[in-house]
Amino acid sequence: MRAAAHHVDVADGDAFLSTSRMIFGPITQRFARGATPFAPELLSVRLGVCRLSEIRAMQHLVISDRAFRRSFDPDSIKILMQRSGHSRFEQQFHTVELKPQSAIIYDPVRSYSLQNLSSVDQLILQVPRSTFGDDTLARLTAPVPLPAGDDSLTHIVSGLMQMAIGEAHRMDEASCRRVGESLIQLVNGLICCKPAAQETRRSPLQALRERIVAYIDANLARSNLSAEDIARHMGCSRRYLHRAFEGEDMTLERLIWDRRLERSREDLLSPDRRGASISEIAFACGFNSSAHFSRAFKGKYKVAPRELREGTEIPLH
């Protein structure tokens, strides 16, 4: 990590992961194997008691587990604004799709996963928990989505966040503090004007299923990914592992297969993966044979991988 000013921190390359954990607390970040590599970048500015960060990175998975929280980790509510790219946020068995200019408010004390399905540019605002009242915090038992094109207050908050990160190097600490104070008031108002979320209780099997899906998505490139390996990582028996999918009309093996095909389809359609061959995409998604991959892909989507890719390129000419 290198300091650009007293209130601004910049990290990229090898420093990105360690700096992210220092700023955001106990998170695990796993980058997709085989993706077109470029160094992830993190710009973070202290706005008084708040902190605003910008992340630019290729597709990757972020997992947070409250079991690993430490006493000195930041205790803040987070507002994530998607500037570009496509992500999927999951918490308390709620799923929120994040597209450009949409946002979400969530309490990171509750375990969550963030699947960045493409290269992304995101702003993350951390507002100390102590600045919210109990009634406000009660509304964050589940994530609060803020869709693109929502109300004017959402636009004001997102506009102020974008202005602050753009002017970070030029603002002095006093200006940063005033911006932070304004954001605290605005975010409080933003949460209170949304309907209160209903508390959703997850069964142990539901929680296990969430962890299994997150683990599979982070390890799709491993062609030898198996039930035994997943059970060992989850700390349970293979039999209990399969119980997590009883009544779901889905077996664990079928889930792995479908997630591989879904990831390959996303990569084939992604402009960021235009330079990768179909074979490279197949191997990056855990297939051992490009011919086997093509047959499986056509069986699921009724179109060959090459036809899908060529079909998406036609409007660009």
Side-chain angles (χ1 to χ4, degrees), residues 1 9 11 15-32 40 42 44 50-82 85-98 102-118 120-130 132 137-146 187 191 197 199-204 206-220 230 233-235 244 259:
M1 177 176 66
D9 297 308
F16 177 84
L17 294 178
S18 59
T19 304
S20 295
R21 287 184 65 85
M22 182 188 73
I23 291 174
F24 301 120
I27 59 173
T28 299
Q29 295 168 298
R30 299 192 179 110
F31 286 85
L42 170 64
S44 187
C50 301
R51 180 181 280 273
L52 177 64
S53 304
E54 179 180 29
I55 290 178
R56 295 181 179 180
M58 56 187 170
Q59 66 184 82
H60 64 288
L61 172 68
V62 180
I63 301 174
S64 174
D65 192 329
R66 61 182 177 182
F68 296 105
R69 295 194 69 83
R70 303 156 299 190
S71 60
F72 53 85
D73 286 323
D75 190 12
S76 302
I77 299 303
K78 289 183 180 178
I79 298 89
L80 186 155
M81 191 187 81
Q82 193 88 350
H86 176 203
S87 303
R88 181 176 298 126
F89 182 91
E90 296 182 354
Q91 185 185 51
Q92 298 292 100
F93 223 53
H94 294 264
T95 300
V96 180
E97 299 289 334
L98 292 168
S102 62
I104 189 171
I105 305 175
Y106 61 99
D107 186 348
V109 166
R110 294 176 169 84
S111 299
Y112 67 88
S113 68
L114 176 66
Q115 302 171 55
N116 293 301
L117 303 171
S118 68
V120 294
D121 184 351
Q122 299 167 330
L123 293 182
I124 301 177
L125 175 67
Q126 293 166 271
V127 182
R129 183 183 305 275
S130 59
F132 297 96
L137 292 173
R139 294 173 177 267
L140 294 175
T141 55
V144 177
L146 305 172
V187 171
I191 296 173
E199 179 68 37
T200 302
R201 294 188 177 183
R202 298 178 300 167
S203 70
Q206 287 175 325
L208 176 62
R209 188 161 59 244
E210 290 182 33
R211 292 175 57 210
I212 291 170
V213 172
Y215 182 76
I216 290 172
D217 286 343
N219 291 274
L220 284 179
I230 297 172
H233 185 84
M234 297 293 129
R259 299 299 263 198

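The chain is numbered in sequence order, starting from 1. As the structure is a computational prediction, the values presented were derived from the model and not from experiment.
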J.: Do any N or O atoms from the side chain of S18 and from the backbone of A15 form a donor-acceptor pair under 3.5 angstrom?
T.: yes
J.: Run the side chain to side chain contact (heavy atoms under 4.5 Å, CB included) check on F89 and Q115 step by step: do they pass?
T.: CA-CA 6 Å; F89 182 91; Q115 302 171 55; over 6 Å; no
J.: Look up atom CZ in R30 and atom CG in L61, then write down how far apart they are to the nearest 0.5 Å.
T.: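 Going from CZ on R30 over to CG on L61, the span is 6.5 Å.
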J.: Would Q122 and S87 count as having a side-chain donor-acceptor pair, cut-off 3.5 Å?
T.: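 Their side chains do contain a donor-acceptor pair, which is all the 3.5 Å distance test asks for.
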J.: Answer yes or no: is there an ion pair linking D107 with R129, defined by an N-O contact shorter than 4.0 Å?
T.: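 Result for this pair is yes, salt bridge flagged.
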J.: Which atoms form the tightest heavy-atom contact between L125 and C50, and what is the distance?
T.: CD1-CB, 4.3 Å
J.: Run the side chain to side chain contact (heavy atoms under 4.5 Å, CB included) check on I79 and L123 step by step: do they pass?
T.: CA-CA 8 Å; I79 298 89; L123 293 182; over 6 Å; no
J.: Indicate yes or no: at least one non-hydrogen side-chain atom of R51 is less than 4.5 angstrom from one of I23.
T.: yes
J.: Just verifying a value: how many Å separate I124 CD1 and S76 OG, rounded to the nearest 0.5 Å?
T.: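 With rounding to 0.5 Å, CD1 (I124) is 12.0 Å from OG (S76).
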J.: Just how far is it from atom OH of Y106 to atom CD of Q91, taken to the nearest 0.5 Å?
T.: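 Atom-to-atom, Y106:OH and Q91:CD are 8.5 Å apart.
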J.: Between I230 and I216, is any pair of side-chain heavy atoms under 4.5 Å apart?
T.: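 With C-beta onward as the side chain, the pair touches.
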J.: How long is the span from the OG atom in S44 to the CE atom in M22, to the nearest 0.5 Å?
T.: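 So the gap between those two atoms works out to 7.5 Å.
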J.: Taking the side chain from S64 and the backbone from S111, do they hold a donor-acceptor pair closer than 3.5 Å?
T.: no
J.: Give, for atom CZ of F132 and atom CZ of R139, the distance between the pair rounded to the nearest 0.5 Å.
T.: 13.0 Å
J.: Do I191 and L140 have side chains that approach each other closer than 4.5 Å (heavy atoms only, starting at C-beta)?
T.: yes
J.: Please tell me if the side chains of R56 and E54 come closer than 4.5 Å, counting only heavy atoms from C-beta onward.
T.: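 Yes, at least one pair of side-chain atoms sits under 4.5 Å.
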J.: Hey, does K78 have a side-chain heavy atom less than 4.5 Å from the side chain of I105?
T.: no
J.: Does Y215 have any ring pair (Phe, Tyr, Trp, His ring centres under 6.0 Å) partners at least two apart in sequence or in another chain, and if so, which?
T.: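 Listed in chain order: H233.
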J.: For the pair R88 and E90, find out whether any cationic side-chain nitrogen is under 4.0 Å from an anionic carboxylate oxygen.
T.: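 Salt bridge absent between R88 and E90.
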J.: Is any side-chain heavy atom of E97 closer than 4.5 Å to a side-chain heavy atom of H86?
T.: yes
J.: Any side-chain heavy atom of D217 sitting closer than 4.5 Å to one from R259?
T.: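 Yes - at least one pair of side-chain heavy atoms lies under 4.5 Å apart.
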J.: Is any side-chain heavy atom of V187 closer than 4.5 Å to one of I77?
T.: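 A side-chain contact is absent here, since even the closest heavy-atom pair is not under 4.5 Å.
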J.: Could you walk me through whether L98 and L80 pass side chain to side chain contact (heavy atoms under 4.5 Å, CB included), step by step?
T.: CA-CA 9 Å; L98 292 168; L80 186 155; 3.8 Å; yes
J.: Apply side chain to side chain contact (heavy atoms under 4.5 Å, CB included) to residues Q59 and F31 and explain how you reach the verdict.
T.: CA-CA 6 Å; Q59 66 184 82; F31 286 85; over 6 Å; no
